[in-house]
A.B. asks: 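Questions regarding the structure given below will be posed in turn.
Both counts, for ligands and for their atoms, begin at 1 and track the order of listing.
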Amino acid sequence: MAPAPEAGGGEPGCRLYLITPPALEPARFADDLARALDAGDVAAVQLRLKDVGEDALRRAIDVLRPVAQSRDVAFLLNDRADLAVQQGCDGAHLGQTDGDHAQARKLLGPERMLGITCHASRHLAMEAGELGADYVAFGAFFPTATKQAEHRAEPEILEWWTEMFELPSVAIGGITAENCAPLVRAGADFLAVVGAVWNHPDGPAAGVRALNAAIAAA
Ligand SMILES: Cc1ncc(COP(=O)(O)OP(=O)(O)O)c(N)n1
Ligand SMILES: Cc1ncsc1CCOP(=O)(O)O
Ligand SMILES: [Mg+2]
C-alpha cells in the first residue's frame, strides 16, 4: 500500500483504496474485482462483510485475497485482526469499537498493516499514530448510502494531519470522481470508496478509471 510516486519527484500522490460491497458472492465477485483492479491503479482492497459468519468470511478471503495479492494490491480485512493473520491478509482495518488496537498491533506484527478509523477526531488520530497504526482514516466526508455514518469530517482535518504527521491518511465516505478533488488537494494519501466503484453506471472498471482520472486532475 505504497504511496504513488509523483511524476517529477515531488510529494507522493493520492491512490485508490477499494472496499468491497456490503454483500457479495465470492466466485462471482472475484471477476468484478479482477476487472476493477485491471482498470487502473489501486493500492488496496478491504474485504468488508458485516453480515456473514466466520466460515463464509474465510471462504471469501480464500477466493478474493489471491485476486488482489497476485496484482500487488494489498488485501486487508475489516474488523478482524486475528482472522487477517490466520488467513494471510496484508492487514486489518479496525474501528473505534473493534477491540483492543494495541493487542491488534501485536497480533499483526510489523509485517501486516493496521488501519484505524478516527472519524473527524484529531485526538483519535494522534492516539492511533502513537500505538503504531499504518494509516489513519477520516470520514465520512460526504453523505453515503453504504453505512449509517455518525461522524462528518471536513477536508481541513486532512490538511492539518498532512502538515503535522508523515503517517498516511485515508479519506472515506460518499467519495466520487465528481467530489474528490478537495480531498486530494487537502493531502489525502488514499481515497477509500465503495459505491463510486461498485455502483458506477458503466461498471466497476469505469468507476476505477473515473476516480483515477479525477485524482490526476485534482
Ligand atoms: C478505510 C476505512 N475507513 C473507515 C472504515 C470504517 O470502519 P468502522 O468505523 O469500524 O466501521 P465498519 O467499516 O466496521 O462498519 C473502514 N471500514 N475502512
Ligand atoms: C465504511 C464506511 N465508513 C465510513 S463511511 C463508509 C462507507 C463508504 O462507502 P461509500 O464510498 O459508498 O460512501
Ligand atoms: Mg469496524
Side-chain angles (χ1 to χ4, degrees), residues 1 3 14-24 32 36 42-52 54 57 60-61 64 68 73-84 89-101 103-104 108 112-121 124-125 127-129 133-155 157-158 161 167-180 183-184 188-201 204 206-208 210-212 214-215:
M1 202 170 162
C14 180
R15 302 184 69 195
L16 273 185
Y17 178 167
L18 301 192
I19 300 181
T20 60
L24 55 85
D32 289 342
V42 175
V45 170
Q46 180 190 129
L47 181 64
R48 179 176 179 272
L49 295 176
K50 306 291 289 185
D51 301 321
V52 305
E54 188 160 317
L57 198 48
I61 295 169
L64 301 176
V73 175
F75 188 82
L76 284 80
L77 182 62
N78 186 45
D79 287 346
R80 295 284 303 270
D82 58 338
L83 212 51
C89 300
D90 297 301
H93 181 93
L94 300 183
Q96 289 298 321
T97 56
D98 295 327
D100 181 336
H101 294 163
Q103 178 67 22
L108 290 162
R112 292 186 170 83
M113 282 175 279
L114 171 62
I116 297 184
T117 298
C118 301
H119 304 304
S121 166
L124 290 179
E127 249 181 26
D134 294 285
Y135 68 78
V136 294
F138 296 112
F141 283 93
F142 302 103
T144 170
T146 302
K147 175 186 164 90
Q148 275 218 319
E150 279 155 25
H151 301 266
R152 191 64 183 265
E154 299 295 331
I157 198 162
L158 296 168
W161 181 260
L167 194 65
S169 63
V170 175
I172 190 168
I175 299 171
T176 65
E178 289 70 33
N179 67 18
C180 71
L183 308 179
V184 177
D189 295 288
F190 301 95
L191 300 183
V193 299
V194 182
V197 165
W198 308 115
N199 302 334
H200 192 283
V208 168
L211 279 156
N212 274 321
I215 290 171

A.B. asks: Give the residue, atom name and distance (to 0.1 Å) of the protein heavy atom nearest atom 5 (S) of ligand 2.
C.D. replies: G173 CA, 3.7 Å
A.B. asks: Who's closest to atom 14 (O) of ligand 1 heavy-atom-wise, of E150, Q148, K50, H119?
C.D. replies: K50
A.B. asks: Please list the nearest protein heavy atom to atom 2 (C) of ligand 1 with its residue and the distance rounded to 0.1 Å.
C.D. replies: H93 CE1, 3.3 Å
A.B. asks: Write out the residue and atom name of the closest protein heavy atom to atom 13 (O) of ligand 1, then the distance separating them to 0.1 Å.
C.D. replies: R48 NE, 2.7 Å
A.B. asks: G174 heavy atoms, cut-off 4.0 Å: which ligand 2 atoms fall inside?
C.D. replies: 10 (P), 11 (O), 13 (O)
A.B. asks: Tell me whether G139 reaches ligand 2 (any heavy atom closer than 4.0 angstrom to a ligand atom).
C.D. replies: no
A.B. asks: Among V208, L211, V197, whose side chain to side chain contact (heavy atoms under 4.5 Å, CB included) with V42 holds?
C.D. replies: V208
A.B. asks: Give yes or no for whether the N/O distance cutoff of 3.5 Å, strictly under, is met between V194 and ligand 2.
C.D. replies: yes
A.B. asks: Considering distance alone, does some N or O of D79 sit under 3.5 Å from an N or O of ligand 1?
C.D. replies: yes
A.B. asks: Give the atoms of ligand 2, by number and element, whose distance to some non-hydrogen atom of G195 is under 4.0 Å.
C.D. replies: 10 (P), 11 (O), 12 (O)
A.B. asks: Are more than 12 heavy atoms from other residues, nucleotides or ligands located less than 6.0 Å from atom CD of Q148?
C.D. replies: no
A.B. asks: Do any nitrogen or oxygen atoms of Q96 come within less than 3.5 Å of a nitrogen or oxygen of ligand 1?
C.D. replies: no
A.B. asks: So, using ring pair (Phe, Tyr, Trp, His ring centres under 6.0 Å) as the criterion, who are the partners of Y135 when residues are at least two apart?
C.D. replies: Y17, H93
A.B. asks: Tell me the protein heavy atom at minimum distance from atom 3 (N) of ligand 2, and give that distance in Å.
C.D. replies: K147 CD, 3.4 Å
A.B. asks: Below 4.0 Å from any atom of ligand 1, is there a heavy atom belonging to F190?
C.D. replies: no
A.B. asks: Look at atom 1 (C) of ligand 2 and say which protein heavy atom is nearest, naming residue and atom and giving the distance to 0.1 Å.
C.D. replies: R48 NE, 3.5 Å
A.B. asks: Measure T97 to ligand 1 on non-hydrogen atoms and call it side chain, backbone, both or neither using the 4.0 Å cut-off.
C.D. replies: neither
A.B. asks: Measure the distance from atom 7 (O) of ligand 1 to every protein heavy atom, then report the residue, atom name and distance (to 0.1 Å) of the closest one.
C.D. replies: T117 OG1, 2.9 Å
A.B. asks: Taking 4.0 angstrom as the limit and counting only heavy atoms of V193, give me the atoms of ligand 2 inside it, by number and element.
C.D. replies: 11 (O)
A.B. asks: Any N or O of K147 that comes nearer than 3.5 Å to an N or O of ligand 1?
C.D. replies: yes
A.B. asks: Judging by distance only, is a nitrogen or oxygen of Y17 under 3.5 angstrom from one on ligand 1?
C.D. replies: no
